[in-house]
> 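There's a structure below that I have some questions on.
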Amino acid sequence: MIELSGVSKEYRNGRRIVRALDGIDLEIPEGHFAAIKGPSGCGKSTLLMIVGAMLQPTAGKVLVCGRKLATLSGPERALLRADQIGFVFQMFHLVPYLTVFENVILAGGGRGRRPERGAVDGILARFGLSDRSTHLPGELSAGERQRVALARALVLHPPVVLADEPTGNLDPGNAAEVVRILADYRDDGGTVMMVTHSPVADEVADKVVHLGGSALVSG
Ligand code: ADP
């Protein structure tokens, strides 16, 4: 489902080169939950952005949902992101002037599929957010905001979910709830890749991936 071989990423700022990833091999089978761990700056977000077809590696091969990312055009990548991948971020990334319901129904970002209204009501109910449907994100607690972001990421049932420290801004109770929602999604057949420092994620993960120390800097 997700396969990386020899993936490296170098960032260049003028003459300075930062080697964020160095020859990563990784396989996450369909229906598995991988927790990605490691110190700040070791390339976790870079890895997630590469798998999410938001960033091209400097070297190596990436296969997501049977597609070789290097062979896809820009619009094909955008469609893959919209149709096949759900994203969740530490800072939620909800649209502040849209209601909870509107944030979720706009999953897919105008590309690809659109969720049915009934599916949006259903997932909001499942995540305990029915009475928040007409609220703006600014009126919600951090835990509620992350559950809205999860509803938006999962409502179209994407085969792959990529979560970048989704528990980073939450108290332990809400963090455990986020991990439980993602583990349930895996139990229903989804493939989950989660960057996290949370020990709760280790308990549910099929695989814990430790990325090495800080990125190499030269130049
Ligand atoms: P993590 O998520 O583990 O904290 P990142 O993937 O964000 O690590 O970053 C890995 C390394 O790459 C860090 O040294 C970071 O400073 C560097 N980096 C990330 N993005 C860029 C960029 N756009 N330009 C230059 N360096 C970057």
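We count ligands from 1, going down the list as the structure has it; atoms in each ligand are counted the same way. In this chain, residues are counted from 1 in sequence order.
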> Considering non-hydrogen atoms only, spot the tightest contact between Val155 and Ala107 and give its length.
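The pair with the smallest heavy-atom distance is CG1-CB, 3.7 Å.
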> Are any non-hydrogen side-chain atoms of Phe92 and Val148 less than 4.5 angstrom apart?
no
> Please identify which atoms of ligand 1 are closer than 4.0 Å to at least one heavy atom of Pro39.
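It comes down to these atoms of ligand 1: 3 (O).
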> Can you name the atoms of ligand 1, numbered from 1 with element, that are less than 4.0 Å from a heavy atom of Val18?
12 (O), 14 (O), 17 (C)
> Can you name the residues that form a ring pair (Phe, Tyr, Trp, His ring centres under 6.0 Å) with Phe89, not counting sequence neighbours?
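Testing Phe89 for ring pair (Phe, Tyr, Trp, His ring centres under 6.0 Å), a comparison that skips the adjacent residues, returns His93.
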> Grouping I, L, V, M, F, W and Y whenever their side-chain heavy atoms are under 4.5 Å apart, do Phe127 and Leu136 come out in a common cluster?
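No, because Phe127 and Leu136 fall into different hydrophobic clusters, even though each may have its own neighbours under 4.5 Å.
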> If you take the nearest heavy atom of each of Ser45, Gly43, Cys42, Ser40, which one is closest to atom 2 (O) of ligand 1?
Ser45
> I'd like to check the side-chain contact (heavy atoms from CB on, under 4.5 Å) partners of Ala153; sequence neighbours left out, ordered by chain and number.
Val88
> Would you mind listing which atoms of ligand 1 come within a distance below 4.0 Å of any non-hydrogen atom of Ala20?
10 (C), 11 (C), 12 (O)
> Hey, is Asn13 touching ligand 1 through its side chain, its backbone, both or neither, going by heavy atoms under 4.0 Å?
side chain
> Determine whether any heavy atom of Gly38 lies closer than 4.0 Å to an atom of ligand 1.
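Outside the 4.0 Å threshold, so no.
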> Number the atoms of ligand 1 from 1 as they appear, then name those within less than 4.0 Å of a heavy atom of Lys44, with their elements.
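Contacts of ligand 1 toward Lys44, numbered from 1: 1 (P), 2 (O), 3 (O), 4 (O), 6 (O), 8 (O).
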> What atoms in ligand 1 come closer than 4.0 Å to a heavy atom of Thr46?
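Counting from 1, the qualifying ligand atoms are 5 (P), 6 (O), 9 (O).
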> Any sub-3.5 Å donor-acceptor pair from Arg77's side-chain atoms to Leu69's backbone N or O?
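Confirmed, Arg77 side chain pairs with Leu69 backbone.
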